[in-house]
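Quick note: numbers below take in every heavy atom, side chains included, and nothing from hydrogens, waters or symmetry partners. Here, residue 1 is the first one in the sequence, and each next residue gets the next number. All figures in this text were calculated on a predicted structure; none of them were measured in a lab.
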Amino acid sequence: MKNIFKIKSVYGVVTSALLLVTAACSNDILEQQNNNATSTANFGTSAEQVKAAINGAFHPITGTFFWGRIVHTGALLRSDVFNIIPNDTNTKMSTFQGNPGDGRWATEPWQELYKSIARCNNIIINTTEEGIPDTTTREHLVGQAYFLRAFNYWYLVNLFGNVPLITELPDLDNLLVDQADPADIWAQIISDLEKAETMLPESWSGDDLGRATSGAATALKGKSYLYMGQTGPAVIALNSLVGKYSLLPAAQYGENFSTTNENNSESVFELQFLGQESFAWGTDIPGTGSMGNFHIDYAPPAKSPDRGHIVNPWLRDLFVANGDIVRRNETIVYDYPGALGYGGIDFTTDFSTNNEDGDNDIQIATDLGLEPIFSKKYTGMELGTRKQVDFLGTNVGNNWRVIRYSDVLLMLAEALNEENRTQEAIPFIDMVRNRAGLTLIADTNPGINQTDMRQAIIEERAMELAGEGHRFFDLVRWGLADDYMGATSLHGTHPKSLSGGVFQTGKHELIWIPNSERDANPNLNQNIGYN
């Protein structure tokens with residue numbers, strides 16, 4: 001059975017150590033020590049203690065209330081790949097119809113990311129040479145905290161835009177913090193990643209396999225520079241990773257999304273998940289709650305409790321136009337030759353078999369007036385038949401590959417192209433195309449200009465990375481979100497046609513600041529368009 005960092009439940013380390021509350025009182029009975037807790041005064045005195053705290057800092061990220069599910073439901077499904085079947089407030093954010101009163105979809109990601117940040121701050125501040133004298137051991141631990149803090153802020157700034165920057169332990173006399181300039185958040189991300197680069201090892205082994213590495217820090221740094229529009233530094237960072245990872249062969253492309261061959265040579269950073277027999281929805285206890293509840297959002301409509309989505313046909317058409325069978329077959333499923341569904345059952349049989357409610361996927365899509373095209377990545381289809389895969393995804397244990405080497409190569413090609421070094425970009429996009437069995441730009445268009453290369457990269461990222469959580473952010477940073485998801489769409493049929501929701505420039509680049517956070521802290525201003 002897969003082990004997630006040998007996670008232990010050490011609440012004294014991962015929760016109680018986050019706050020040191022003191023109160024002046026003359027009554028001795030109110031001045032008792034909590035012998036079951038690890039305070040900031042005695043935290044960081046052993047490597048095992050800090051390692052347990054690192055595991056605790058990971059847990060809010062992989063738990064149900066962030067990557068385990070909620071961030072997909074609201075934020076990541078906003079892209080033009082998914083035509084969401086409306087389901088009350090559950091789908092309001094993903095169809096650009098939400099507001100701050102629509103429940104958990106903004107609140108829980110905000111809270112979980114800041115929970116992880118608080119734990120990282122505690123580790124960074126209170127892990128000292130005195131407590132852990134061995135420099136390598138100490139830096140490997142603290143380096144993970146720097147990486148995770150940067151990771152958390154990366155998603156906060158890209159989801160919410162205007163967020164507080166907290167790098168210290170809580171100040172009980174100053175809890176009403178202000179939002180920081182996003183530029184300051186980006187600067188902190190870069191600073192943390194540069195520290196992580198120098199402190200983390202190039203690889204881990206054994207029970208530590210899957211932890212953040214120096215390469216993961218460099219990749220996220222290069223990605224951050226690209227998002228900031230600083231393509232020169234992005235080239236330097238991303239180019240330093242060339243040759244340190246390798247693409248899986250075409251026959252193994254699907255292993256990038258399954259439980260087979262996790263943490264492989266193509267994986268730069270992935271979040272570790274573990275299918276579990278016992279159900280623990282959203283529990284903040286290391287070792288529980290890290291199951292793939294994202295299955296709910298990617299499973300086909302007759303399999304998903306939320307009715308899921310239909311994949312928009314433009315993505316299929318893009319695969320077909322490029323003759324891309326390798327990636328098509330592992331990204332989407334419809335009635336192409338050899339298409340398989342859950343448990344290896346042929347597509348037509350599996351997707352036309354009624355569920356307990358008397359519904360089947362093909363009929364649902366047809367009744368909605370859409371072509372029956374469905375997601376395959378992270379649906380758990382390879383784990384067994386529909387009945388064998390829990391409808392909430394509790395026994396889905398696919399690690400989520402957050403950064404793959406193919407993504408690094410495409411980001412490097414993009415950065416080079418934006419630096420007017422288009423010819424230098426060709427080999428990197430061609431490495432990705434070659435694995436997919438496509439014709440190479442170096443052979444068919446060696447003199448490609450910057451504009452055409454830009455479009456080639458846009459299309460290549462869609463084919464390579466669809467359904468992995470990148471597309472919406474890509475469209476926003478390219479300035480194309482309105483073109484494809486606004487009132488009119490370059491796709492022709494609007495990608496959110498089922499809901500009628502449309503992207504609004506100046507609003508939907510970000511999600512709303514949670515009402516609960518603004519109620520608790522009146523210094524927080526709401527994002528534009530959500531008042």
Side-chain angles (χ1 to χ4, degrees), residues 3-8 10 12-14 17-18 38-62 116-154 165-169 186-225 233 236-238 240-241 244-245 263 267-272 286 402-403 408:
N3 224 329
I4 303 181
F5 304 156
K6 261 192 164 177
I7 285 177
K8 303 175 183 177
V10 187
V13 174
V14 300
L18 300 180
T38 300
S39 71
T40 53
N42 57 27
F43 175 76
T45 55
S46 76
E48 283 304 310
Q49 186 190 64
V50 177
K51 186 174 181 179
I54 290 290
N55 294 341
F58 264 104
H59 195 260
I61 301 171
T62 57
S116 179
I117 286 168
R119 296 175 184 182
C120 290
N121 290 344
N122 179 58
I123 294 163
I124 291 168
I125 292 168
N126 289 306
T127 304
T128 65
E129 183 178 0
E130 181 181 3
I132 304 177
D134 183 76
T135 301
T136 299
T137 300
R138 185 177 64 256
E139 290 192 345
H140 284 183
L141 292 168
V142 178
Q144 292 180 74
Y146 277 118
F147 175 86
L148 286 179
R149 189 167 72 178
F151 178 92
N152 292 326
Y153 275 120
W154 196 97
L165 178 59
I166 302 171
T167 59
E168 302 293 335
L169 296 178
W186 282 114
Q188 187 65 52
I189 290 169
I190 296 297
S191 175
D192 282 355
L193 291 172
E194 288 180 339
K195 291 183 176 70
E197 280 181 302
T198 64
M199 300 172 84
L200 291 172
E202 290 188 1
S203 63
W204 297 88
S205 61
D207 292 326
D208 291 321
L209 190 64
R211 292 183 182 274
T213 63
S214 58
T218 301
L220 188 55
K221 184 177 77 169
K223 182 174 183 175
S224 298
Y225 276 129
I236 294 171
L238 297 167
S240 71
L241 298 174
K244 293 185 177 180
Y245 299 88
N263 303 302
S267 176
V268 180
F269 180 66
E270 59 191 72
L271 292 173
Q272 311 292 302
V402 179
I403 304 177
V408 169

Hey, what do you get for [atom1] ([X]) to [atom2] ([Y]), rounding to the nearest 0.5 Å?
X      : Y      : atom1 : atom2 : result
Ile132 : Leu141 : CD1   : CG    : 5.5 Å
Ile403 : Glu270 : CD1   : CD    : 11.5 Å
Thr167 : Ile125 : OG1   : CD1   : 7.0 Å
Ile166 : Tyr153 : CD1   : OH    : 5.0 Å
Ile117 : Leu165 : CD1   : CG    : 8.5 Å
Thr135 : Glu129 : OG1   : CD    : 6.0 Å

Check: [X] side chain, [Y] main-chain N or O, donor-acceptor pair, under 3.5 Å:
X      : Y      : result
Ser224 : Leu220 : yes
Ser116 : Ala57  : yes
Thr198 : Lys195 : yes
Glu197 : Ala217 : no

Got [X] and [Y] here, is their nearest side-chain heavy-atom distance under 4.5 Å?
X      : Y      : value
Trp154 : Lys223 : yes
Phe151 : Val402 : yes
Arg149 : Asn121 : yes
Gln144 : Leu200 : yes

Original post:
Knowing that exactly one of Thr127, Asn122, Asn126 qualifies, which makes a side chain to side chain contact (heavy atoms under 4.5 Å, CB included) with Val50?
Top reply: Thr127

Which atoms form the tightest heavy-atom contact between [X] and [Y], and what is the distance?
X      : Y      : value
Ala212 : Phe147 : CB-CD2, 3.4 Å
Ala219 : Val408 : CB-CG2, 4.1 Å
Ala145 : Ile123 : CB-CG2, 3.8 Å
Ala216 : Phe269 : CB-CB, 3.9 Å
Trp204 : Leu209 : O-CD1, 3.3 Å
Thr137 : Ala47  : CG2-CB, 3.8 Å

Subject >> Trace of the side-chain contact (heavy atoms from CB on, under 4.5 Å) decision for Ile54 with Arg211 >> reply: CA-CA 10 Å; Ile54 290 290; Arg211 292 183 182 274; 3.5 Å; yes

Original post:
With a 3.5 Å cut-off and no angle check, do the side chains of Asn55 and Arg119 form a donor-acceptor pair?
Top reply: no

